[in-house]
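Reading through the structure tokens given below for one structure.
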There are 2 protein chains.
Amino acid sequence: MRRFKIPEVTVGRLSLYLRCLNELEEEGIEVVSSAELGRRCGVNPAQIRKDLAYFGEFGTRGVGYYVKELMQDIKRVMGLNRTWEVALVGVGNLGTALLRYKGFQRHGFKLSVAFDIHTEGKEVPEGCVLYPASEMERVVKEKGIKMAIVAVHYSQAQEVAERLARAGVKGILNFAPMRIRPPKKVVVKNVDMGTELEILAFYLTMRGAK
Amino acid sequence: MRRFKIPEVTVGRLSLYLRCLNELEEEGIEVVSSAELGRRCGVNPAQIRKDLAYFGEFGTRGVGYYVKELMQDIKRVMGLNRTWEVALVGVGNLGTALLRYKGFQRHGFKLSVAFDIHTEGKEVPEGCVLYPASEMERVVKEKGIKMAIVAVHYSQAQEVAERLARAGVKGILNFAPMRIRPPKKVVVKNVDMGTELEILAFYLTMRGAK
DNA sequence: CCCGTTATGTGGTAACTTTCACAAAAGTAG
DNA sequence: CTACTTTTGTGAAAGTTACCACATAACGGG
């Protein structure tokens with residue numbers, strides 16, 4: 001079975017496995033079975049083996065998976081064995097929090113440029129350069145940036161996405177509370193905190209909370 | 001067909017429909033067909049009708065759906081025809097951004113209390129009270145809060161979740177980059193920005209970006 | 001009042017995802 | 001080298017979710 005159409009849930013689980021493997025490595029564990037990995041991250045062992053089977057054979061029968069090897073293999077198939085430069089658009093409350101968030105770097109993402117209509121009085125961490133929004137196309141194109149995070153007001157999200165697409169961006173993570181329709185040849189992931197809370201509200205109501 | 005086991009994707013789409021209906025209302029449109037609604041929010045019309053059919057019959061054959069009515073109906077089944085008090089745990093970069101984020105209020109969620117180990121020098125918006133983390137159980141219990149947002153360091157997320165559960169919280173939205181295992185009788189939704197970026201990286205790599 | 005038009009609600013099916021269950025492979029001990 | 005244990009990789013079954021297609025109902029015009 002080799003890479004054709006991989007379901008997004010599978011890709012999400014790969015990321016989860018990576019997290020879990022990290023912990024195992026820190027604990028000094030060198031080999032892990034799908035049963036143990038599954039127990040740790042709450043996934044059916046067969047599911048894990050099927051997910052991995054999309055990309056090749058990484059285990060050893062009768063033994064399991066070598067933690068470090070598997071980590072490398074997953075990173076390779078996910079394209080995480082490199083650093084991704086990421087542009088942030090919208091340096092408001094959320095944007096600033098994202099800039100300061102250390103988690104991205106740990107995963108190989110570097111927020112190296114940020115854009116906002118208003119640049120005055122705004123501070124960005126070291127290693128990141130803040131530009132006025134009008135410079136977006138030029139800077140993104142010059143730096144060859146392929147990935148962007150959108151954290152602008154929802155009324156501007158679609159337009160920003162299209163400008164980014166024209167500048168060569170191929171993947172957008174959108175935090176604006178409004179679904180961006182993916183421009184041609186661009187992958188968009190919408191993270192909608194409002195929707196998440198609403199889903200919670202639904203299940204709480206179902207279960208008769210308060 | 002009446003409420004039994006509703007798939008989460010369906011609930012997520014209900015939230016999406018709500019957004020879309022809001023726009024329609026603002027445009028002064030009073031009636032909408034599943035075809036038009038589907039076109040606008042990128043969902044198959046039959047899918048929309050099936051989703052709604054879980055909860056009853058809201059449309060009129062030959063006509064479509066009355067925008068305002070449908071909004072009310074969806075809000076009712078989702079438990080959004082009320083205000084939810086929400087506790088925020090962890091007032092760091094992300095926590096602060098979430099406190100200032102206006103979107104929650106618009107959707108009927110009120111971040112009325114916040115907790116952090118260190119309260120000194122931290123500011124919270126009006127209408128929200130900041131407490132030391134040690135007060136968490138007491139305050140949550142007293143106020144009868146059922147919903148919480150966790151934005152603490154990943155090493156503390158699981159423990160915080162369990163404390164919240166003991167204090168009576170039934171739903172948790174977790175932003176820490178680590179899956180919280182749901183305590184008994186608690187619904188947990190994990191929002192993992194690292195994973196989202198990794199999924200993007202995967203699809204960009206697949207498509208041969210850079 | 002009847003007929004044509006429109007759009008819902010839903011049975012059936014197709015597509016997809018998860019889980020089961022087992023043969024095949026690798027290691028180990030005698 | 002053989003017998004036994006372990007755990008993978010995977011075909012097939014079970015379970016879910018999405019979509020098609022049409023009978024059914026409501027509306028409107030003549």
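Given the structure is predicted, the values throughout are model-derived calculations rather than measurements. Protein chains get the first letters and strands the later ones, always in sequence-line order, with residue 1 at the start of each.
- In this structure, A:Pro7 reaches the sugar-phosphate backbone alone: every heavy-atom distance under 4.0 Å involves primed, P, OP1 or OP2 atoms, never a base.
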Intermediate values then yes/no, salt bridge (Lys or Arg N to Asp or Glu O under 4.0 Å), A:Glu23 and A:Arg19: CA-CA 7 Å; A:Glu23 285 177 26; A:Arg19 291 270 161 83; over 6 Å; no

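- Between the A:Thr205 side chain and the A:Ala201 main chain, a donor and an acceptor come within less than 3.5 Å of each other.
- For B:Gln47, taking side-chain heavy atoms from C-beta onward, the closest of the listed nucleotides D:dA21, D:dA18, C:dT18 is D:dA18.
- Minimum atom distance to the side chain of B:Val9 is reached by D:dA18, of the listed D:dC20, C:dA21, D:dA18.
- By the 4.5 Å heavy-atom criterion applied to side chains, B:Cys128 and B:Val113 are not counted as neighbours.
- Atom pair A:Asn44:CG and D:dT8:P shows a separation of 12 Å (rounding to whole Å applied).
- Across the protein-nucleic acid pair, A:Ile48 atom CD1 and C:dT19 atom C1' stand 13 Å apart, rounded to whole Å.
- No donor-acceptor contact under 3.5 Å links the side chain of A:Lys50 to the base of C:dT17.
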Show me the protein contacts with nucleotides 6-8 of chain C, counting only N or O atoms at under 3.5 Å.
| residue | atom | partner | partner atom | Å |
| --- | --- | --- | --- | --- |
| C:dA7 | O4' | B:Gly62 | N | 3.2 |
| C:dT8 | OP1 | B:Ser34 | N | 2.6 |
| C:dT8 | OP2 | B:Ser34 | OG | 2.7 |

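- Taking every heavy atom of both residues into account, B:Gly95 and B:Leu88 meet most closely at O-CD2, 3.5 Å.
- At whole-Å resolution of the value, CG in A:Asp51 and P in C:dC16 are 17 Å apart.
- With hydrogens and angles left out, the side-chain atoms of A:Tyr17 and A:Asp51 include a donor and acceptor closer than 3.5 Å.
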task: Report the C-alpha distance between A:Arg76 and A:Phe55 in whole Å, list the side-chain angles of each, state the deciding distance to 0.1 Å, and finish with yes or no for side chain to side chain contact (heavy atoms under 4.5 Å, CB included).
output: CA-CA 10 Å; A:Arg76 185 173 42 72; A:Phe55 304 99; over 6 Å; no

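- Taking a 4.0 Å limit (strictly below) on heavy-atom distances, residues 11-31 of chain A reaches DNA chain C at A:Arg13.
- If you measure from atom CD1 of A:Ile6 to atom C1' of C:dT18, you get 16 Å, rounded to the nearest angstrom.
- With rounding to whole Å, A:Leu52 atom CG is found 11 Å from D:dT10 atom P.
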Pairs of donor and acceptor atoms involving the side chains of residues 171-186 of chain B, under 3.5 Å and at least two apart or interchain, shall be tabulated with distances.
| residue | atom | partner | partner atom | Å |
| --- | --- | --- | --- | --- |
| B:Asn174 | OD1 | B:Ala176 | N | 2.9 |
| B:Asn174 | ND2 | B:Ala176 | O | 3.3 |
| B:Asn174 | ND2 | B:Met178 | O | 2.8 |
| B:Asn174 | ND2 | B:Asn190 | OD1 | 2.8 |
| B:Arg181 | NH2 | A:Arg39 | O | 3.0 |
| B:Arg181 | NH2 | A:Arg40 | O | 3.1 |

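- Rounded to the nearest 0.5 angstrom, B:Glu162 CD and B:Leu164 CG are separated by 10.0 Å.
- Note that the CG atom of B:Leu24 and the CG atom of B:Leu37 stand 6.5 Å from one another [nearest 0.5 Å].
- Per the geometry, OH belonging to B:Tyr54 stands 13 Å off P belonging to C:dG11, to the nearest Å.
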